[in-house]
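We name chains A, B, ... by the order of the sequence lines, and we start the count at 1 in each one. Values in this document were obtained by computation on a predicted structure and should not be read as measured data.
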Amino acid sequence: MKSSIYNICIQTDGCNSIIFNALKGTSILVDSEMKTAIESNSLEMICPEDLFTLVDSGFLVEDDLDERNVYAFEHNQNKYSTDISSFLVLPTLSCNLSCPYCYEDSLNISRSRSMDRNIAENVTNFIKNQVMENHSRSVVLGLYGGEPLLESDLCIQIAESISKWTMSRGLNYFSALTTNGTMLSQETFDKLRPFISSVHFTLDGPEEEHNKMRFYKGGRGTYSDLMKAISLAGESNIHLTVRIHIGDRTGQGDFAKVLGDLEAIGLRGRPRTYLYFMPIEPKDECFNTSSKKSLRRKLKNIELLPCIWNMARELGWGESLHVDAGQEHSLLPFSRLPCGFLKNGCYVIDPSARLYSCPSVAGIERYSVGSISQDGTAIWLPSYYDAITASPTDATACKDCSHLPLCNGGCPVRPSSAQEPDGCHLKEFYNKKILTHLAHKYPTLIWGT
Amino acid sequence: MKSSMYNLFVPIDESEYVLYNFLNDSALIVDEDMKLCIEKGELNSSISNQSVKETLLNCGVIVHDDINERKLYLYRYNIEKYAPSYSLFIVLTTFACNLSCPYCYEGSGEILNSSMDEQTLLKVIDFIKKTTHEDGTREIAIKLYGGEPLLCLDSCYAISKELSKWGDENNIKVNIVLQTNGTLLNENAVRLLTPYLAAVEVTLDGPPESHNKSRCYKNGDGSYEDILRNISLLAGSKTSILLRLNVENSDGLGLLLDNLDKNGLKSWPNLSFYTAHISYYDLCEFFTNDELCLKDINTVLEIRPSLLRVIYEKGWQSKYHMYNMRKQKLVSCNNEKRGRYVVDPLGDIYKCVFTAGDKAHRVGVIKDGGVEWNSAYYDILTRNPLDMEGCADCVYLPNCGGGCASRAFLNKESFNASYCGPIKRIMSKRILLYLKEIYPEKFSRLVI
Ligand code: SF4
Ligand code: SF4
Ligand code: SF4
Ligand code: SF4
């Protein structure tokens, strides 16, 4: 037996520490003696019962096991397996709003391009071809933009075609429309409803805050229209996701107000309703995870989340929160990929049928990694192969890092934080996440500072 | 533009070469000048004709400067390895056998002879269900294997019945194949199993006399007649009968086919066959030794045209599964991929059927709560040819994949090592024979 290389030890007070195993997602509270025994591999000091627990939870592993291979296996399996094929389609890059933080704006995308019907046809053919080639059991279709409902006919055309096709093949189908809500009329919704499974809305805090951020070109805020749209969708049995942004100045009371408004339109206790809270990130956040400034902001935001969750729970929204470790919007989602987009079987498609490995650059030709040909097949550029085969297990700084199974090396297409001259800041970020998660899950434990 | 890393020039006469590109699986005929030009990478200065250039580009012989072909290979390799279209479970219900074939690698069930007990059986069924869900595959193949699986008819029946039902309920296609020596395939077995079986695979070791010499009961009696009588129970049923015909040469095959014809097998609509030639008939050629392996592959290539001739002459071609000489091997062996499992009677898991029972090759153990993978599993699955000695610069890589992992382990004590075997010595011949087969006129004068 030996100690796992993925044990992360975080001191909680003078004598106790938490050891968190990043590969297994397990944690244990230990005293300083046990901590030393594990850290220094002095296992003879540990009694058989404890030894069993430690092995069972992955803190100790067999001598001949190279855990880096376990991680590499899980990483590759996640990256290359295609039991699910997912397609994020941007029928248009245009938007009827002008949110100050919208990255599409900051990246100078020409905002008028929409997909033409022939391209939409190619795209649907591509989706079908690719699903067959991938031998997938499930198909996920995302309609995204810009504001996709500016091209609602295209949305219907694509979703209808894929939905019927998957049905005829006995494949699972899930599709999500991400919209700002301002263009969702009853008529549009009724036409789309048979072919989509879920609608994603975003609220930028309570009415005043939201209206400051999300307004029509003339300046009028969108909050009340958005609420109408949510309510409209909520009357059906569709899956709903509401993302609530945490701004710099939003306080507890503000969230209570938002939840009150959502309750007024009947969302509290509604089945198939999913709520999550996200700090508003600067325009290019994904790109800048490595800066110290960004780290400080992130650390602050992490602390906020449990308070918000608790409040939401007290107000009766518990069933709509999915914040346990392992769930997508929890503090510890346990993915083996740094980013869900750079993955075999995942395709981001812009209105010109170009392919991207990341939605935040979709529409900017120089970042495209391939395109869909007339006959509905993908033509990848060399850069795609370089990007997708890159693995954090090859990066000098990351390959032996104890945090690798949590962090996965950071954004795969941007310079890694691990290359920062004064060392990688992300470890601190993840330590904070671990502690915050545990404090939320086990509130009765006594925590040091 | 630059030349591909995966070009091989095979001389066909004094002045011409077949230029085969392994990554693109394409072939061209080029002269000495063109060969030099491509080898030296003097593409812009020497190849002025635009349409020639385009052809070379389309064939992958020359590639754009910014492409890293190793990455392209690795991408395809990983997809093939990690995104299998189906899961395969080879279940050894027992190590025991009622025959004693002289070449049997399992020692005719005399070295290892345990059978699966009921508790293990349930765990194995559970393992198959869970693992299929984890693999996310829509289709699974189960091979009932041994020893002689029909010595444990009950286990075969339980697995077939339970997993067929489960497949129906879960919209998963389940193909069950019984690999048997055929001697125990009696009416009872047929009645119990055929509702679930996609196919039964049986081996004949050449015409009756030679078969009876090698595939005999423990008392020395031959099994040919019994096998033919037994499989006739399946004639015309929904279950396919797949015969593996082990043959030394075309004469032997001719005699065997005549005998099968005489016994009426030619008219069975559900019968098909393939041919094999291996010194150790029950082993994969890569698992013997390099010289034998080379000899066997050579023989297979050499006798192929004459086997084909006999098969056509005797009118069996519609039942023949021809070995595909052209198959690319991005990953060295099907067993190395994710979603391939060999389960032995003790509930131990292996990757390769020829190593089953040898604990040094074991990759996991089925326990009550699920399966426990060990380091060998992760070592094999994360095997990356680009990190192995010689492979990163090897022209054969897209058709070799770094060689058999089990052999690498035996030779170098590591799964993460290359094993060339006879690959480098056989590839040119294979390419030429293949070309001669599909372009007989063009290569009629070529002696290989
Ligand atoms: S980016 Fe930093 S925290 Fe993440 S794996 Fe690399 S070194 Fe570790
Ligand atoms: S690749 Fe992923 S992590 Fe990187 S910027 Fe895009 S979405 Fe963010
Ligand atoms: S692992 Fe090796 S011995 Fe086993 S089947 Fe594959 S090539 Fe043959
Ligand atoms: S195992 Fe040998 S023949 Fe195969 S790719 Fe590696 S070096 Fe080449």
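Each of B:Asp379, B:Asn68, B:Asp387 has some count of heavy-atom pairs under 4.5 Å with chain A, and the biggest count is that of B:Asp379. When A:Val61, A:Asp64, A:Asn76 are compared by the number of non-hydrogen pairs under 4.5 Å with chain B, A:Asn76 comes out ahead. Chain A forms more heavy-atom pairs under 4.5 Å with one residue of B:Asn78, B:Ile67, B:Val63, B:Leu381 than with any other, namely B:Asn78.
In this structure, chain B has no heavy atom under 4.5 Å from any part of A:Glu62. Looking at B:Asn416, only its side chain comes within 4.5 Å of chain A, counting heavy atoms on both sides. For B:Asn171, the part sitting under 4.5 Å from any heavy atom of chain A is the side chain, from C-beta outward, and nothing else. Contacts of A:Ile388 with chain B are made by side-chain atoms alone, with heavy-atom separations under 4.5 Å and no backbone atom involved. Heavy-atom distances place no part of B:Tyr86 under 4.5 Å from chain A, backbone and side chain included. Interface residue A:Asn344: only side-chain heavy atoms are found under 4.5 Å from chain B. Proximity to chain B is absent for every atom of A:Ser138, based on heavy atoms less than 4.5 angstrom apart. Looking at B:Arg338, only its side chain comes within 4.5 Å of chain A, counting heavy atoms on both sides. With a threshold of 4.5 angstrom between heavy atoms, B:Thr382 approaches chain A through side-chain atoms but not through N, CA, C or O. Contact of A:Leu171 with chain B is made through the side chain alone, with heavy-atom distances under 4.5 Å.
Using modelled atom types and a 3.5 Å distance limit, the side chains of B:Ser87 and B:Thr137 yield a donor-acceptor pair. Side chain to side chain, B:Asn374 and B:Arg362 fail the donor-acceptor criterion of an N or O pair below 3.5 Å. Using modelled atom types, one finds a donor on one side chain and an acceptor on the other under 3.5 Å when comparing A:Asn408 with A:Tyr71. With 3.5 Å as the limit, one finds no donor-acceptor pair spanning the side chains of A:Asp66 and B:Tyr378.
Separation of atoms OG (B:Ser375) and CG (A:Leu65) is listed at 6.0 Å; rounding is to 0.5 Å.
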Side chain to side chain contact (heavy atoms under 4.5 Å, CB included) between A:Lys399 and A:Ser391, intermediate numbers included
CA-CA 9 Å; A:Lys399 72 174 200 279; A:Ser391 166; over 6 Å; no

Chi angles and distances behind the side chain to side chain contact (heavy atoms under 4.5 Å, CB included) call for B:Thr355, B:Phe409
CA-CA 11 Å; B:Thr355 60; B:Phe409 183 71; over 6 Å; no

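Among the candidates A:Leu337, A:Ile84, A:Asn78, the single residue satisfying the side-chain contact (heavy atoms from CB on, under 4.5 Å) test with A:Lys343 is A:Leu337.
Of all non-hydrogen atoms in A:Val348 and A:Ala362, the two that sit nearest each other are CG1-CB, 3.9 Å.
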